[in-house]
Amino acid sequence: MSAQAFGDTHTVQKLDVVQRYLQTYATALKFQPFDLIYIDACAGSGSSVPKSAFKEEEAFRQTEFEGLVSPVADTDELIVGSAVRALGVNPPFAKYLFNDSKKANVDALKKTVKDQYPYLIDRIGFSRLDANEMLRSICSKYDWTKTRAVVFLDPFGLQIDYETLQILASTQAVDVWYLVPVFAMYRQVSGSGEINPDGGPRVDSALGTSTWRDVAVVEEEELGGLFDQPQLKPKRAVDVAWFEAVAKERIGAAFGGRILDETLPLGRNGIQEFSLMFAWANPREKAKLAAKLAKAVLV
Ligand SMILES: C[S@@+](CC[C@H](N)C(=O)[O-])C[C@H]1O[C@@H](n2cnc3c(N)ncnc32)[C@H](O)[C@@H]1O
(Lines give C-alpha, C1' and ligand atoms only; values in the text may rest on other atoms or scores of the structure.)
Protein backbone atom coordinates (compact mmCIF):
# COMPACT_ATOMS: atom_id res chain seq x y z
CA MET A 1 0.00 0.00 0.00
CA SER A 2 1.30 3.51 -0.79
CA ALA A 3 0.52 6.12 1.79
CA GLN A 4 0.90 9.89 1.88
CA ALA A 5 3.35 11.34 4.38
CA PHE A 6 1.24 13.59 6.58
CA GLY A 7 -0.91 13.40 9.63
CA ASP A 8 -0.81 13.34 13.37
CA THR A 9 -3.18 12.79 16.27
CA HIS A 10 -5.25 15.71 14.99
CA THR A 11 -5.67 13.87 11.67
CA VAL A 12 -7.10 10.86 13.48
CA GLN A 13 -9.38 13.10 15.57
CA LYS A 14 -10.79 14.73 12.43
CA LEU A 15 -11.28 11.43 10.64
CA ASP A 16 -12.95 9.84 13.68
CA VAL A 17 -15.50 12.66 13.79
CA VAL A 18 -16.36 12.40 10.10
CA GLN A 19 -16.50 8.60 10.22
CA ARG A 20 -18.84 8.68 13.24
CA TYR A 21 -21.06 11.16 11.41
CA LEU A 22 -21.20 9.03 8.26
CA GLN A 23 -22.18 5.98 10.29
CA THR A 24 -24.88 7.86 12.23
CA TYR A 25 -26.15 9.55 9.04
CA ALA A 26 -26.37 6.30 7.05
CA THR A 27 -28.25 4.65 9.91
CA ALA A 28 -30.62 7.59 10.48
CA LEU A 29 -31.54 7.91 6.80
CA LYS A 30 -31.72 4.17 6.10
CA PHE A 31 -35.47 4.12 5.44
CA GLN A 32 -35.72 7.54 3.76
CA PRO A 33 -36.56 7.57 0.02
CA PHE A 34 -33.28 9.19 -1.03
CA ASP A 35 -30.10 8.01 -2.73
CA LEU A 36 -27.33 8.76 -0.28
CA ILE A 37 -23.96 9.83 -1.66
CA TYR A 38 -20.62 10.33 0.02
CA ILE A 39 -18.46 12.94 -1.71
CA ASP A 40 -14.78 13.23 -0.84
CA ALA A 41 -13.36 16.15 -2.82
CA CYS A 42 -9.77 15.86 -1.49
CA ALA A 43 -9.79 12.12 -0.90
CA GLY A 44 -6.04 11.47 -0.83
CA SER A 45 -4.53 8.05 -1.45
CA GLY A 46 -6.55 6.09 1.11
CA SER A 47 -4.05 6.33 3.93
CA SER A 48 -1.28 8.42 5.42
CA VAL A 49 1.67 7.94 7.71
CA PRO A 50 2.78 10.63 10.17
CA LYS A 51 6.24 11.91 9.26
CA SER A 52 7.24 11.10 12.84
CA ALA A 53 6.91 7.40 11.93
CA PHE A 54 10.08 7.64 9.86
CA LYS A 55 13.56 7.77 11.33
CA GLU A 56 15.73 10.16 9.38
CA GLU A 57 18.18 7.53 8.27
CA GLU A 58 15.41 5.19 7.16
CA ALA A 59 14.33 4.98 3.60
CA PHE A 60 11.87 7.87 3.86
CA ARG A 61 11.30 8.92 0.37
CA GLN A 62 8.63 11.40 -0.52
CA THR A 63 8.96 12.36 -4.12
CA GLU A 64 7.77 15.88 -4.70
CA PHE A 65 6.16 14.55 -7.77
CA GLU A 66 3.97 11.89 -6.26
CA GLY A 67 3.77 12.81 -2.59
CA LEU A 68 3.65 9.14 -1.67
CA VAL A 69 5.93 7.05 0.49
CA SER A 70 6.62 3.43 -0.12
CA PRO A 71 7.47 1.15 1.51
CA VAL A 72 5.73 2.28 4.68
CA ALA A 73 8.17 2.65 7.59
CA ASP A 74 5.94 1.63 10.46
CA THR A 75 2.60 0.21 9.48
CA ASP A 76 1.40 0.44 13.09
CA GLU A 77 1.17 4.16 12.49
CA LEU A 78 -0.75 3.97 9.25
CA ILE A 79 -3.76 6.28 9.37
CA VAL A 80 -6.69 4.95 7.40
CA GLY A 81 -8.06 7.82 5.33
CA SER A 82 -11.52 9.28 4.91
CA ALA A 83 -12.43 7.46 1.67
CA VAL A 84 -11.62 4.01 3.03
CA ARG A 85 -13.42 4.79 6.29
CA ALA A 86 -16.51 5.80 4.31
CA LEU A 87 -16.48 2.45 2.51
CA GLY A 88 -16.70 0.71 5.88
CA VAL A 89 -19.98 2.42 6.78
CA ASN A 90 -22.95 0.09 7.04
CA PRO A 91 -25.47 0.31 5.39
CA PRO A 92 -23.34 1.40 2.45
CA PHE A 93 -23.95 4.60 0.51
CA ALA A 94 -25.63 4.35 -2.91
CA LYS A 95 -22.62 6.11 -4.41
CA TYR A 96 -19.15 7.25 -3.43
CA LEU A 97 -17.42 10.03 -5.34
CA PHE A 98 -13.69 10.20 -4.69
CA ASN A 99 -11.58 13.01 -6.08
CA ASP A 100 -8.00 14.17 -5.70
CA SER A 101 -5.96 16.47 -7.89
CA LYS A 102 -2.95 14.11 -7.84
CA LYS A 103 -2.87 11.13 -10.17
CA ALA A 104 -0.67 9.09 -7.83
CA ASN A 105 -3.24 9.47 -5.04
CA VAL A 106 -6.18 8.52 -7.22
CA ASP A 107 -4.30 5.47 -8.53
CA ALA A 108 -3.32 4.36 -5.02
CA LEU A 109 -6.89 4.81 -3.78
CA LYS A 110 -8.28 2.85 -6.74
CA LYS A 111 -5.94 -0.01 -5.94
CA THR A 112 -6.86 -0.07 -2.24
CA VAL A 113 -10.56 -0.04 -3.09
CA LYS A 114 -10.21 -2.84 -5.64
CA ASP A 115 -8.24 -4.95 -3.15
CA GLN A 116 -10.34 -4.29 -0.06
CA TYR A 117 -13.84 -3.41 -1.28
CA PRO A 118 -14.29 -5.16 -4.66
CA TYR A 119 -18.03 -5.57 -3.99
CA LEU A 120 -18.50 -1.78 -3.82
CA ILE A 121 -16.53 -0.91 -6.94
CA ASP A 122 -19.66 -0.39 -9.07
CA ARG A 123 -20.82 2.31 -6.69
CA ILE A 124 -17.59 4.30 -6.78
CA GLY A 125 -16.65 7.15 -9.10
CA PHE A 126 -13.06 8.42 -9.21
CA SER A 127 -11.92 11.76 -10.58
CA ARG A 128 -8.72 13.77 -10.75
CA LEU A 129 -9.94 17.34 -10.79
CA ASP A 130 -9.57 20.49 -8.80
CA ALA A 131 -11.99 20.06 -5.89
CA ASN A 132 -13.99 23.15 -6.86
CA GLU A 133 -14.44 21.93 -10.39
CA MET A 134 -15.45 18.47 -9.21
CA LEU A 135 -18.05 19.83 -6.78
CA ARG A 136 -19.49 22.29 -9.29
CA SER A 137 -19.97 19.49 -11.77
CA ILE A 138 -21.63 17.15 -9.22
CA CYS A 139 -23.98 19.82 -7.94
CA SER A 140 -25.31 20.43 -11.45
CA LYS A 141 -25.56 16.72 -12.28
CA TYR A 142 -27.77 15.22 -9.57
CA ASP A 143 -31.47 15.60 -8.89
CA TRP A 144 -31.31 16.96 -5.37
CA THR A 145 -34.99 16.31 -4.72
CA LYS A 146 -34.15 12.61 -4.73
CA THR A 147 -30.59 12.68 -3.46
CA ARG A 148 -28.87 13.51 -0.19
CA ALA A 149 -25.11 13.72 0.31
CA VAL A 150 -22.36 14.21 2.83
CA VAL A 151 -19.44 16.21 1.45
CA PHE A 152 -16.03 16.16 3.10
CA LEU A 153 -13.71 19.06 2.31
CA ASP A 154 -10.28 18.15 3.62
CA PRO A 155 -7.74 20.37 1.86
CA PHE A 156 -4.15 20.96 2.94
CA GLY A 157 -4.59 24.69 2.45
CA LEU A 158 -6.68 27.40 0.85
CA GLN A 159 -7.95 25.34 -2.08
CA ILE A 160 -11.71 25.60 -1.54
CA ASP A 161 -13.40 28.66 -3.03
CA TYR A 162 -16.26 30.40 -1.27
CA GLU A 163 -18.27 30.18 -4.46
CA THR A 164 -18.08 26.39 -4.18
CA LEU A 165 -19.62 26.59 -0.71
CA GLN A 166 -22.45 28.69 -2.13
CA ILE A 167 -23.04 26.14 -4.88
CA LEU A 168 -23.11 23.30 -2.33
CA ALA A 169 -25.59 25.27 -0.22
CA SER A 170 -27.81 25.85 -3.25
CA THR A 171 -28.49 22.09 -3.53
CA GLN A 172 -30.47 22.34 -0.25
CA ALA A 173 -29.53 18.68 0.14
CA VAL A 174 -25.92 18.27 1.24
CA ASP A 175 -24.23 18.24 4.63
CA VAL A 176 -20.69 19.55 4.63
CA TRP A 177 -17.74 18.85 6.91
CA TYR A 178 -15.04 21.40 6.14
CA LEU A 179 -11.55 21.40 7.59
CA VAL A 180 -11.09 25.15 7.45
CA PRO A 181 -7.39 26.13 7.14
CA VAL A 182 -7.47 29.03 9.60
CA PHE A 183 -3.72 29.14 10.18
CA ALA A 184 -3.08 29.32 6.43
CA MET A 185 -5.34 32.40 6.38
CA TYR A 186 -3.53 34.01 9.32
CA ARG A 187 -0.12 33.23 7.84
CA GLN A 188 -0.80 35.47 4.83
CA VAL A 189 -0.42 38.54 7.03
CA SER A 190 3.04 39.23 8.40
CA GLY A 191 3.61 40.75 11.84
CA SER A 192 4.56 44.01 10.11
CA GLY A 193 1.23 44.09 8.30
CA GLU A 194 2.19 42.95 4.82
CA ILE A 195 -0.34 40.81 3.04
CA ASN A 196 1.29 38.09 0.95
CA PRO A 197 0.67 39.03 -2.71
CA ASP A 198 0.02 35.39 -3.67
CA GLY A 199 -1.66 34.15 -0.49
CA GLY A 200 -3.86 37.20 0.13
CA PRO A 201 -6.01 36.62 -2.98
CA ARG A 202 -6.36 32.94 -1.91
CA VAL A 203 -7.84 34.15 1.39
CA ASP A 204 -10.16 36.46 -0.59
CA SER A 205 -11.37 33.45 -2.62
CA ALA A 206 -11.74 31.19 0.43
CA LEU A 207 -13.76 33.80 2.35
CA GLY A 208 -15.55 35.25 -0.67
CA THR A 209 -14.62 38.76 0.39
CA SER A 210 -11.60 41.00 0.78
CA THR A 211 -13.03 43.01 3.69
CA TRP A 212 -10.91 40.99 6.15
CA ARG A 213 -7.95 43.02 4.86
CA ASP A 214 -9.40 46.21 6.38
CA VAL A 215 -9.38 44.70 9.87
CA ALA A 216 -6.35 42.43 9.67
CA VAL A 217 -3.90 45.31 9.25
CA VAL A 218 -3.90 48.56 11.24
CA GLU A 219 -1.61 51.55 11.17
CA GLU A 220 -0.10 52.56 14.46
CA GLU A 221 1.80 55.68 15.29
CA GLU A 222 5.43 55.09 16.18
CA LEU A 223 8.32 57.42 16.82
CA GLY A 224 11.09 56.96 14.27
CA GLY A 225 13.20 58.47 11.55
CA LEU A 226 16.08 60.85 11.92
CA PHE A 227 14.29 63.22 14.29
CA ASP A 228 12.21 60.62 16.16
CA GLN A 229 9.06 62.05 14.67
CA PRO A 230 5.67 60.20 14.78
CA GLN A 231 5.21 57.85 11.79
CA LEU A 232 2.40 55.53 10.80
CA LYS A 233 3.52 51.88 10.71
CA PRO A 234 1.30 49.02 9.57
CA LYS A 235 0.99 45.93 11.77
CA ARG A 236 -1.07 42.76 11.99
CA ALA A 237 -4.05 43.28 14.25
CA VAL A 238 -5.67 39.82 14.28
CA ASP A 239 -4.94 36.26 15.39
CA VAL A 240 -5.91 32.74 14.30
CA ALA A 241 -9.06 32.83 16.46
CA TRP A 242 -10.20 35.92 14.56
CA PHE A 243 -9.84 34.14 11.22
CA GLU A 244 -11.76 31.19 12.66
CA ALA A 245 -14.63 33.50 13.68
CA VAL A 246 -14.65 35.22 10.26
CA ALA A 247 -14.57 31.89 8.39
CA LYS A 248 -17.45 30.59 10.49
CA GLU A 249 -19.48 33.71 9.87
CA ARG A 250 -18.81 33.53 6.10
CA ILE A 251 -19.62 29.82 5.79
CA GLY A 252 -22.75 30.46 7.86
CA ALA A 253 -23.73 33.22 5.40
CA ALA A 254 -23.34 30.84 2.45
CA PHE A 255 -25.54 28.27 4.19
CA GLY A 256 -28.28 30.65 5.33
CA GLY A 257 -27.07 30.48 8.94
CA ARG A 258 -27.09 26.68 9.01
CA ILE A 259 -23.67 26.16 10.57
CA LEU A 260 -23.01 24.31 13.78
CA ASP A 261 -21.92 26.61 16.57
CA GLU A 262 -19.49 24.03 17.89
CA THR A 263 -16.24 23.63 15.98
CA LEU A 264 -13.23 21.39 16.51
CA PRO A 265 -9.88 23.21 16.67
CA LEU A 266 -7.05 21.04 15.33
CA GLY A 267 -3.32 21.38 14.99
CA ARG A 268 0.11 20.42 16.24
CA ASN A 269 2.51 21.71 18.86
CA GLY A 270 -0.05 23.97 20.47
CA ILE A 271 -0.80 25.82 17.21
CA GLN A 272 -4.33 25.84 15.83
CA GLU A 273 -3.92 25.05 12.15
CA PHE A 274 -7.48 24.09 11.26
CA SER A 275 -11.02 24.26 12.49
CA LEU A 276 -13.39 21.45 11.60
CA MET A 277 -16.81 22.95 10.87
CA PHE A 278 -20.19 21.51 9.91
CA ALA A 279 -22.84 23.19 7.76
CA TRP A 280 -26.04 21.83 6.29
CA ALA A 281 -27.81 23.00 3.16
CA ASN A 282 -31.34 21.76 3.71
CA PRO A 283 -33.52 24.57 5.15
CA ARG A 284 -36.39 22.29 6.17
CA GLU A 285 -37.14 21.92 9.88
CA LYS A 286 -36.60 18.16 9.72
CA ALA A 287 -33.06 18.67 8.47
CA LYS A 288 -32.05 20.13 11.82
CA LEU A 289 -31.49 16.49 12.69
CA ALA A 290 -28.21 16.81 10.76
CA ALA A 291 -26.99 19.43 13.21
CA LYS A 292 -28.00 17.28 16.17
CA LEU A 293 -26.12 14.31 14.76
CA ALA A 294 -23.07 16.45 13.97
CA LYS A 295 -23.03 17.96 17.45
CA ALA A 296 -23.26 14.51 19.01
CA VAL A 297 -20.22 13.24 17.10
CA LEU A 298 -18.19 16.41 17.56
CA VAL A 299 -18.27 16.67 21.35
C1 LIG B 1 -5.30 16.38 3.80
S2 LIG B 1 -5.15 15.50 2.33
C3 LIG B 1 -6.61 14.55 2.28
C4 LIG B 1 -6.56 13.40 3.14
C5 LIG B 1 -7.72 12.44 3.05
N6 LIG B 1 -8.98 13.07 3.34
C7 LIG B 1 -7.44 11.30 4.00
O8 LIG B 1 -8.20 11.14 4.94
O9 LIG B 1 -6.45 10.60 3.78
C10 LIG B 1 -5.49 16.69 1.10
C11 LIG B 1 -5.52 16.13 -0.31
O12 LIG B 1 -5.99 17.14 -1.19
C13 LIG B 1 -5.34 16.97 -2.43
N14 LIG B 1 -5.46 18.26 -3.12
C15 LIG B 1 -4.64 19.34 -3.06
N16 LIG B 1 -5.13 20.35 -3.81
C17 LIG B 1 -6.29 19.89 -4.35
C18 LIG B 1 -7.27 20.47 -5.20
N19 LIG B 1 -7.17 21.73 -5.64
N20 LIG B 1 -8.33 19.71 -5.55
C21 LIG B 1 -8.45 18.44 -5.11
N22 LIG B 1 -7.56 17.85 -4.30
C23 LIG B 1 -6.50 18.57 -3.91
C24 LIG B 1 -3.95 16.54 -2.09
O25 LIG B 1 -3.37 15.82 -3.16
C26 LIG B 1 -4.19 15.67 -0.84
O27 LIG B 1 -4.26 14.33 -1.18
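Computed from a prediction, not measured in an experiment: that's the story for all the values here. Counting starts at 1 for both ligands and their atoms, in listed order.
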Exercise for the section: Look only at the side chain of Arg85 and the backbone of Gln19, and say whether a donor-acceptor pair between them is shorter than 3.5 Å. Expected result: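 Absent.
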Handout entry: Main-chain N/O of Gln159 paired with Asn132 side-chain donor or acceptor, under 3.5 Å
Key = yes
Practice task
Is it possible for you to say whether Met277 and Ile39 belong to one hydrophobic cluster, with membership spreading through side-chain heavy-atom contacts below 4.5 Å?
Solution key: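 Same cluster: Met277 reaches Ile39 through Ile, Leu, Val, Met, Phe, Trp or Tyr contacts under 4.5 Å.
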Handout entry: Within 6.0 Å of CD in Glu285, more than 12 heavy atoms from elsewhere
Key = no
Practice task
Step through the shown structure and confirm whether more than 12 heavy atoms of other residues, nucleotides or ligands are within 6.0 Å of CD on Gln13.
Solution key: yes
Exercise for the section: Report all protein residues having a heavy-atom distance below 4.0 Å to some atom of ligand 1; order the list by chain, then number. Expected result: Gln4, Phe6, Leu15, Ala41, Cys42, Ala43, Gly44, Gly81, Ser82, Asn99, Asp100, Ser101, Lys102, Asn105, Leu129, Asp130, Ala131, Asp154, Phe156, Gln159
Practice task
Please work out whether the ring planes of Tyr25 and Phe93 are parallel, tilted or perpendicular, with thresholds of 30° and 60°.
Solution key: parallel
